[in-house]
Amino acid sequence: MHGISIREPGDPDVLVWTEHPDPEPGPGEVVIDVVASAVNRADLAQRQGNYPPPKGASEVPGLECSGTIAEIGEGVTGWNVGDEVCALLAGGGYAERVAVPAAQVLPKPAGVDLVEAAGIPEVGCTVWSNVVMEAGLREGHVFLVHGGAGGIGTCAIQIAKALGARVAATAGSAESRALCAELGADPVISYRDEDFVEVVKGLGGANVILDNMGASYLDRNLSALTTDGFLAVIGMQGGAKAELNMGKMLMKRLRMSALGLRGRPVEGPNGKARIVADVRERLWPLIESGEVRMPVHTRIPMAEASRAHTTLESGDVRGKILLVR
């Protein structure tokens, strides 16, 4: 098969379309004929040499895909060759085929194009596990998401809205802010010339914040949270190290998590299988009803993954970038 290799850590041009051994399904796994994958910021970090795949995972980048099941490994039940699916991966999505634990496979949502389904598993599982399963977002809460126009942000806005929360989002350009508003965010805050802390305090403070910035927003996020609030950190675009004011956390009884998805085990109480099962049971109906959709910024041929990475790094991306076979 063919897939993307990372020639060496560096800029997008280190991504090359080369031959790889065909994957074979191990016990509990299926092999998917990939129709499409999607670009996530974790892929950029891997390309730069800052986010190696977990032990035993494919060196090919790509944390999600869609396609049809081509082979089924020993012990797998509930799936058949030819089923249209999408899947959460530890790696290997930028390729013609990928082996994946059956517990991380999801049926293509009814009413969703198979190519566009490639952009759902990673963002859906990331948002759902952090915002719903961990932070406990519910009806009546105030929810703030940073980077509201990106893949994670657009998904988070809609999930929070569907759960009955008041949604605030930060975004940059006028076009990005308009997309956030269209998806249900109110207010939409310009991170370029507005203070999100003051805006959110005007709403009574946030019960849950989903943050992709990390260090640069840490103290301001704590200020924006209300009593018993929850800060879920999923990215470090603003740096990895910051001073933590424990006084703020103690006085307001704040909680904070920094939970990655890729390195989790498949099984167990914190495993991917549990997340995928909950997503299938509770998020999939919202997607199939149209309450939650995944906006697509652009489709790019998979062999041109370098162009896709350049596009994401340029900023002001609205929705997911899909890599299409």
Side-chain angles (χ1 to χ4, degrees), residues 35-41 62-67 84-89 93 105-133 137-139 143-188 208 210 212 234 261 275-276 278-300 308 311-312 316-324:
V35 168
S37 185
V39 181
N40 293 280
R41 287 200 172 270
L63 301 182
E64 55 191 340
C65 74
S66 62
E84 293 187 328
V85 297
C86 54
L88 178 70
L89 310 173
V105 178
L106 289 152
K108 181 190 77 67
V112 176
D113 176 83
L114 184 58
V115 169
E116 294 191 359
I120 299 176
E122 172 68 16
V123 295
C125 290
T126 296
V127 173
W128 194 263
S129 61
N130 279 275
V131 172
V132 180
M133 298 175 72
L137 185 72
R138 62 181 185 270
E139 185 176 0
F143 172 67
L144 170 65
V145 58
H146 293 296
I152 290 286
T154 53
C155 179
I157 289 170
Q158 295 174 86
I159 287 176
K161 192 72 175 179
L163 294 174
R166 173 77 182 272
V167 183
T170 63
S173 69
E175 294 82 2
S176 293
R177 298 197 302 274
L179 176 59
C180 293
E182 176 190 333
L183 295 175
D186 179 22
V188 180
V208 177
L210 184 63
N212 61 354
I234 59 168
L261 185 60
I275 294 170
V276 169
D278 207 57
V279 162
R280 181 171 182 174
E281 178 182 352
R282 297 201 284 163
L283 175 57
W284 241 232
L286 298 176
I287 293 172
E288 294 186 331
S289 71
E291 288 185 77
V292 175
R293 63 182 178 88
M294 302 300 170
V296 174
H297 181 79
T298 189
R299 300 184 182 196
I300 294 175
T311 300
L312 184 56
D316 205 27
V317 170
R318 291 176 287 281
K320 295 300 292 277
I321 298 172
L322 302 181
L323 294 175
V324 184

N/O donor-acceptor pair under 3.5 Å between [X] side chain and [Y] backbone:
X      : Y      : result
Lys161 : Ala165 : no
Ser66  : Leu114 : yes
Arg177 : Gly172 : yes

For a 4.5 angstrom cut-off between non-hydrogen side-chain atoms, does [X] reach [Y]?
X      : Y      : value
Val276 : Leu106 : yes
Leu261 : Ile275 : yes
Val208 : Leu144 : no
His146 : Leu210 : no
Arg138 : Leu163 : no
Gln158 : Pro295 : yes
Val132 : Arg282 : yes

Query - Sole candidate of Asn130, Val123, Ile157 that passes side-chain contact (heavy atoms from CB on, under 4.5 Å) when paired with Ile152 - result: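 Passing option: Val123.
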Requested in this report: Using the side-chain contact (heavy atoms from CB on, under 4.5 Å) rule, pick out the option among Ile287, Leu88, Val292 that qualifies with Ile120.
Outcome: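 Passing option: Ile287.
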Mind listing the closest non-hydrogen atom pair of [X] and [Y] along with its distance?
X      : Y      : answer
Met294 : Cys155 : CE-SG, 3.4 Å
Val279 : Gly124 : CG2-O, 4.2 Å
Phe143 : Ala160 : CD2-CB, 3.4 Å
Ser129 : Cys125 : OG-O, 2.7 Å
Ala118 : Ala36  : CB-O, 3.4 Å
Ala149 : Cys180 : N-SG, 3.6 Å

List for me each residue that meets side chain to side chain donor-acceptor pair (under 3.5 Å) alongside [X], sequence neighbours excluded, and say none if there are none.
X      : answer
Trp284 : none
Thr154 : none
Glu64  : Asn40, Lys320
Glu288 : none

Query - Residues which pass side chain to side chain contact (heavy atoms under 4.5 Å, CB included) with Ser173, listed by chain and number, not counting sequence neighbours - result: Glu175, Ser176, Arg192, Asp316, Arg318
Requested in this report: Using side chain to side chain contact (heavy atoms under 4.5 Å, CB included) as the criterion, list what pairs up with Asp186, not counting sequence neighbours.
Outcome: Arg166
Query raised in the report: Can Glu116 and Arg293 be counted as an ion pair, charged N to O under 4.0 angstrom?
Result: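 No, Glu116 and Arg293 are not salt-bridged.
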Query - Atom pair OG (Ser37) and CD (Glu122), whose distance is rounded to the nearest 0.5 Å - result: 10.0 Å
Report summary line: Here the gap from Arg280 atom CZ to Trp128 atom CH2, rounded to the nearest 0.5 Å, amounts to 15.0 Å
